[in-house]
Amino acid sequence: MKLYAPSTINEIRQKYGFRLSKSLGQNFLTDKNIIDRIVESAEIGPDDLVIEIGPGIGVITAEAAAAAKKIIAVEIDRNLIPILKETLAEWDNVEIVNKDILKTDVNGLIHSCDGSISGVKIIGNLPYYITTPIIMKLLEDGVRADSITIMMQKEVADRIKADPGTKAYGALSVAVQYYCTVETVVNVPKEVFLPQPKVDSSVLKLNIRDKKPVELADRDVFFRCVKAGFGQRRKTLLNSLSSVENLTKEAAGKALEAAGIEPCRRAETLNLEEFAKLSNEVYLRLQQKGI
Ligand code: SAM
């Protein structure tokens, strides 16, 4: 049976009286090549654990199960659980968890498999309404995975991999590039989904860095500076940085000067290294004030 075929998906809908939920971002993949590209680019080894976000009816899960030691697939929609039990019946290395990924302790899931696995790969065709929260949760929680290979709307993928000085460059680019190196796996047209979404998609592979690319005095202050800078991206850094809590304009000016950054520059022109330098100087000034 070709699980990914539109006719199979429609049969399953009829058999289980399953209704696709728009609000849960249910756009199922119907193209074997794209499924293969996701699984191949994740470079799943025979001793690896795979965590899949949003398995749907299991099209990616079934392919990954053939490559991995174990799959834990986290699906929020309880109506899909009996369907997954049937479509994945032949795979005894698949565990289905009926939970919201945003409320799941992913490191806890990984920890439960310690000792029996080598690498950890996260994969998925993400529900687009929460793409950014999912990525940021995994990264901010310090997920113990090697990589995250995920489908998302192309516009978000473009923002994630954007370079300084471009329109797409923003807080999301800085945050993801701080934690990961980013590879584009494939751009995906909307026609390969059922139902078709309104936008095109991309698969990105986020390789989680062992060593961060910059030294930060304080990660929280770094992200507060990034947020302040891009929160008012048309303003000069001298002005936008003043919205960092407890930082006066005078202190912002001194931090910029000490970091060797012209106060009239805008956040979108700063690379990761410059943001790090700047936030380290901001941190010093906040410390001096005893904050
Ligand atoms: N992997 C399947 C495929 O490619 O055909 C389905 C992908 S579909 C774009 C997204 C899936 O994520 C749906 O099955 C949806 O129910 C599930 N989902 C939505 N929100 C979720 C959440 N917060 N936690 C876990 N799964 C979620």
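Every heavy atom of this structure was used, including side-chain atoms; hydrogens, water molecules and symmetry mates were not. Order of appearance sets the numbers: ligands from 1, and atoms from 1 within every ligand.
Proximity of P195 to F28: side-chain heavy atoms (C-beta onward) are nowhere separated by under 4.5 Å. Using a 4.5 Å heavy-atom threshold, the side chains of Y179 and I208 count as separate. Between V192 and P189 there is a side-chain heavy-atom pair separated by less than 4.5 Å. Contact check for K15 versus E86: side-chain heavy atoms found under the 4.5 Å cut-off.
Judged as a side-chain hydrogen bond (donor to acceptor under 3.5 Å, both in side chains), the pairs with a partner in residues 142-151 (not counting sequence neighbours) are, in order, D114-R144.
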May I have every N or O pair linking ligand 1 to the protein at under 3.5 Å, one per line with atom names and distance?
unit_1   : atom_1 : unit_2 : atom_2 : d
ligand 1 : 1 (N)  : G54    : O      : 2.8
ligand 1 : 1 (N)  : P55    : O      : 3.3
ligand 1 : 4 (O)  : N125   : ND2    : 2.9
ligand 1 : 5 (O)  : L29    : N      : 2.9
ligand 1 : 14 (O) : G56    : N      : 3.3
ligand 1 : 14 (O) : E75    : OE1    : 2.7
ligand 1 : 16 (O) : Q26    : NE2    : 2.8
ligand 1 : 16 (O) : E75    : OE2    : 2.6
ligand 1 : 20 (N) : Y129   : OH     : 2.9
ligand 1 : 23 (N) : D100   : OD1    : 2.8
ligand 1 : 24 (N) : I101   : N      : 2.9
ligand 1 : 26 (N) : I76    : N      : 3.3

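Looking at R209, its side chain never comes within 3.5 Å of a backbone N or O of P213 through a donor-acceptor pair.
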